[in-house]
Amino acid sequence: MENPSENTNQIRNQGQRSSVVEKVKNNLIFRSKWAELNGAIYGVPMPVQPMKSIAAVAISDADFNIPEVMASGICTAGILLVLGVTGLMQLVYKLIPISIVRGIQLAQGLSFAMTAVKYIRKVQNFSKSKSGSDRHWLGLDGLLLAIICACFIIVVNGAGDDNEYAAETESGANDASGSGNNRRKRLQKIITSLPSAFIIFLLGVVLAIIRGPKAVKGFKFGPSPIEVVKMSKHAWKEGFIKGTIPQLPLSILNSVIAVCKLSTDLFPEKDISATSVSITVGMMNLIGCWFGAMPCCHGAGGLAGQYKFGGRSGGCVALLGLAKLVLGLVLGSSLVKILDQFPVGVLGVLLLFAGIELAICSRDMNSKEDAFVMLICTAVSLVGSSAALGFLCGIVVYLLLRLRKLYGGQSSSAICFHGNP
């Protein structure tokens with residue numbers, strides 16, 4: 001199951017500028033097909049989510065309109081496609097140390113979690129990217145509602161260990177207990193099988209309708225017309241400078257490298273290469289962006305969120321794609337009016353657990369050296385708000401440690417005068 005917070009957050013952010021909403025009205029239709037294709041290709045719940053750097057520029061910069069957004073998506077996709085076809089992406093994937101990838105994952109997960117806590121505690125002004133006053137305890141978007149949703153997810157999903165229930169079942173089989181214990185296990189099995197994220201998401205949609213009943217009255221049924229976006233030379237230039245350049249490092253590190261590493265962790269029986277992931281991201285945007293679909297990619301956070309909430313195969317994203325297709329054909333961009341009223345506190349809860357699931361993947365750094373590199377990368381990524389900067393610092397630290405080990409841990413003065421009489 002795809003992490004609902006990814007979709008809701010994207011549409012909410014798009015809702016801050018009406019021009020963006022109107023032009024990316026075919027987003028659901030294109031993303032539905034990409035979800036179905038990715039589910040069939042990879043056999044895992046491979047996420048299809050917006051390119052965050054491009055989306056952030058589109059929201060914050062009034063001059064960065066639809067032609068610039070689409071041009072930046074096409075340029076990013078073209079570069080990723082070339083890297084995939086030539087095999088360079090696979091080479092990069094093999095050369096990057098696992099400790100640096102874990103640092104990027106940990107930084108992304110903690111960033112999601114900290115943002116989620118901010119969503120839960122504070123009233124948000126997305127148009128200005130600022131937090132307001134403390135959230136009230138009661139109400140349709142109150143703090144109490146968010147806490148109840150969080151407790152529900154913990155009860156249903158626990159810590160997310162698939163072996164947890166199996167171990168308890170096995171121990172229970174060896175224990176000749178009475179019928180009361182069997183009833184308890186049956187109840188536990190029913191609870192753990194509930195689709196917690198989907199239930200929370202449906203609750204949020206219901207609350208959104210209650211909070212904004214006028215949005216339902218303004219629904220326009222039927223698909224939005226598909227038109228080719230016209231891009232001038234200026235749009236190509238601005239799109240590449242403001243959108244592609246900041247997005248490209250994030251796409252390579254988080255949308256390809258980190259996704260492949262996380263896929264190996266979660267689905268060791270699947271062989272997902274950096275080449276194929278880079279090519280699919282490139283092809284999705286080289287096709288969709290010409291028709292006004294929001295530039296999209298894969299993401300380690302989305303994959304971790306899907307896994308956290310029960311996604312285990314490509315079939316779940318294929319079904320999700322079918323649901324998106326129906327919504328896109330029936331409601332089009334009218335759906336944005338409802339999701340714009342989605343409770344932010346509930347959104348924060350979903351994002352919180354997705355971030356924690358991604359951060360937990362970094363727990364396999366057993367040696368102090370690997371943990372040191374990972375934490376340096378994480379700290380710089382978080383403070384500098386740049387995965388690329390964290391990656392560069394991590395590489396420098398890793399190479400310095402390799403160099404130090406090469407000289408047997410000698411001091412810098414010994415290294416400088418090594419071999420001299």
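- A heavy-atom distance below 4.5 Å is not found between the side chains of L262 and E357.
- The side chain to side chain contact (heavy atoms under 4.5 Å, CB included) with M365 is formed by just one residue from the set I98, L375, V373, L106; it is I98.
- Remark: aromatic rings of F309 and F198 are distant, center separation not under 6.0 Å.
- Between H136 and L143, the closest side-chain pair of non-hydrogen atoms is not below 4.5 Å.
- When all heavy atoms of S53 and L250 are compared, the closest pair comes out as OG-CD2, 3.7 Å.
- Going from atom CG of L248 over to atom OG of S72 covers 11.5 Å, rounded to the nearest 0.5 Å.
- In this model, a donor atom of one side chain and an acceptor atom of the other lie less than 3.5 Å apart for T280 and Y42.
- One N or O on the side chain of D141 and one on the backbone of V344 form a donor-acceptor pair closer than 3.5 Å.
- Within the 3.5 Å criterion, the main-chain N or O of N65 finds a donor-acceptor partner in the side chain of E68.
- Side-chain contact check for I272 versus T264: every heavy-atom pair is 4.5 Å or farther apart.
- Here the side chains of S263 and K270 are not in contact, with every heavy-atom distance at 4.5 Å or above.
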Legend entry - From CA spacing to verdict: side-chain contact (heavy atoms from CB on, under 4.5 Å), M114, L382: CA-CA 10 Å; M114 290 186 294; L382 285 175; 3.8 Å; yes
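- Taking each heavy atom of S255 and C297 in turn, the nearest pair found is OG-SG, 3.2 Å.
- Within the 4.5 Å cutoff, the side chain of F372 has no heavy atoms near those of the S99 side chain.
- With salt bridges taken as basic N to acidic carboxylate O contacts below 4.0 Å, one links R102 and D265.
- G394 and C377 get closest at one heavy-atom pair: CA-CB, 4.4 Å.
- Rounded to the nearest 0.5 angstrom, L140 CG and I209 CD1 are separated by 12.5 Å.
- Distance check: I96 CD1 to I104 CD1 gives 6.5 Å after rounding to the nearest 0.5 Å.
- Below 30°, between 30° and 60°, or above 60°: for F30 and F291 the angle between ring planes is below 30°, a parallel geometry.
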Legend entry - L203/C149 under side-chain contact (heavy atoms from CB on, under 4.5 Å): CA gap, chis, key distance, verdict: CA-CA 10 Å; L203 173 64; C149 291; 4.0 Å; yes
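- Scanning both residues, C260 and V277, for their nearest heavy atoms gives SG-CG2, 3.8 Å.
- For the side chain to side chain contact (heavy atoms under 4.5 Å, CB included) with Y119, the lone residue among L351, L350, L352 that qualifies is L351.
- Atom CD1 of I376 and atom CD1 of I100 lie 11.5 Å apart (nearest 0.5 Å).
- Atom CZ of R121 is surrounded by 12 or fewer heavy atoms from other residues, nucleotides or ligands within 6.0 Å.
- For the pair N285/C296, a side-chain contact is recorded, criterion being any heavy-atom separation below 4.5 Å from C-beta on.
- Using a 4.5 Å heavy-atom threshold, the side chains of P249 and F391 count as separate.
- Distance check: S251 OG to L80 CG gives 5.5 Å after rounding to the nearest 0.5 Å.
- The closest side-chain heavy-atom distance from I199 to V156 is not below 4.5 Å.
- For the atom pair I153 CD1 and I200 CD1, the distance stands at 5.0 Å (nearest 0.5 Å).
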